[in-house]
Amino acid sequence: QVQLVESGGGLVQAGGSLRLSCAASGRTFTSYTMGWFRQAPGKEQEFVAHISWSGGNTAYADTVKGRFTISRNNAVNTVYLQMNNLKPEDTAVYYCAARDRPQYDYWGPGTQVTVSS
């Protein structure tokens, strides 16, 4: 079992950068695949990125590939999402999630990212 808390959200202008952090607590943090998802008002939740427990395997949604980078530091139980060249359409609540099986079982409360024109 793991608990997750996101931080680092805020208001930025288009073209700016932001780094989200996800602090995890749990005795088996390094065993979990970690993912970032986002949801804008009136839209379905969408996958953003995920990273394996070792950090060796990553994947990104086509909409963020080349702009966002997911990483993790298991020594401090933290997963990051570096977001560059932000666009207004990136505006959403961003959620950190963890899994050790096909479904994501653990979710953070989310952090708001707003990108102005």
Side-chain angles (χ1 to χ4, degrees):
Q1 187 168 322
V2 63
Q3 292 180 305
L4 308 172
V5 180
E6 304 93 340
S7 63
L11 175 65
V12 297
Q13 293 184 328
S17 297
L18 204 62
R19 188 180 76 163
L20 304 183
S21 297
C22 174
S25 61
R27 297 174 66 182
T28 58
F29 171 75
T30 58
S31 297
Y32 290 89
T33 293
M34 304 296 296
W36 286 97
F37 296 79
R38 67 187 184 185
Q39 187 168 25
K43 295 184 178 180
E44 294 184 354
Q45 186 183 73
E46 64 176 332
F47 164 79
V48 176
H50 71 227
I51 186 168
S52 64
W53 72 268
S54 68
N57 295 310
T58 59
Y60 299 90
D62 289 340
T63 51
V64 306
K65 191 173 297 182
R67 299 188 297 120
F68 291 10
T69 302
I70 188 171
S71 62
R72 67 191 296 167
N73 187 339
N74 293 339
V76 294
N77 298 323
T78 303
V79 179
Y80 307 96
L81 185 68
Q82 179 66 45
M83 305 183 293
N84 297 326
N85 191 25
L86 284 161
K87 304 175 181 180
E89 51 263 44
D90 294 319
T91 296
V93 176
Y94 283 70
Y95 298 93
C96 178
R99 64 174 173 88
D100 60 358
R101 52 187 179 179
Q103 71 179 142
Y104 283 91
D105 295 321
Y106 308 103
W107 296 82
T111 186
Q112 177 71 47
V113 172
T114 302
V115 184
S116 62
S117 301

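Keep in mind that this is a model prediction, so the values were computed, not measured.
Closest heavy-atom contact between Asn84 and Ser17: OD1-OG, 2.9 Å. Minimum interatomic distance between Thr91 and Val115 (heavy atoms only, all atoms of both residues): OG1-N, 2.9 Å. Considering all non-hydrogen atoms of both residues, Ile70 and Tyr60 come closest at N-OH, 2.9 Å. The nearest pair of heavy atoms linking Ala98 to Met34 is CB-SD, 3.5 Å. Annotation for Ala97 and Tyr104: closest pair CB-CD2, 3.5 Å, computed over non-hydrogen atoms. Considering every non-hydrogen atom in both Glu6 and Cys96, the closest pair reads OE2-N, 2.7 Å.
Looking at residues two or more places apart in sequence or on another chain, you find a side-chain hydrogen bond (donor to acceptor under 3.5 Å, both in side chains) between Gln112 and Thr114. Judged as a side-chain hydrogen bond (donor to acceptor under 3.5 Å, both in side chains), and not counting sequence neighbours, Gln3 has no contacts.
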Are Asp100 and Asp105 close enough, and set up right, to give a side chain to side chain contact (heavy atoms under 4.5 Å, CB included), and what steps lead you there? CA-CA 8 Å; Asp100 60 358; Asp105 295 321; 4.2 Å; yes
Please assess Arg38 against Asp90 for the test side chain to side chain contact (heavy atoms under 4.5 Å, CB included), listing each intermediate value before the final yes or no. CA-CA 9 Å; Arg38 67 187 184 185; Asp90 294 319; 2.9 Å; yes
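Atom OH of Tyr94 and atom OG1 of Thr111 lie 10.5 Å apart (nearest 0.5 Å). Rounded to the nearest 0.5 Å, atoms OG (Ser21) and CZ (Arg72) are 13.5 Å apart.
Counted within 6.0 Å of CD on Glu89, heavy atoms from surrounding residues, nucleotides or ligands total more than 12; the atom is thus considered enclosed.
Ring-plane geometry between Phe37 and Trp107 is classed as tilted, the angle between the planes lying from 30 to 60 degrees on a 0 to 90 degree scale.
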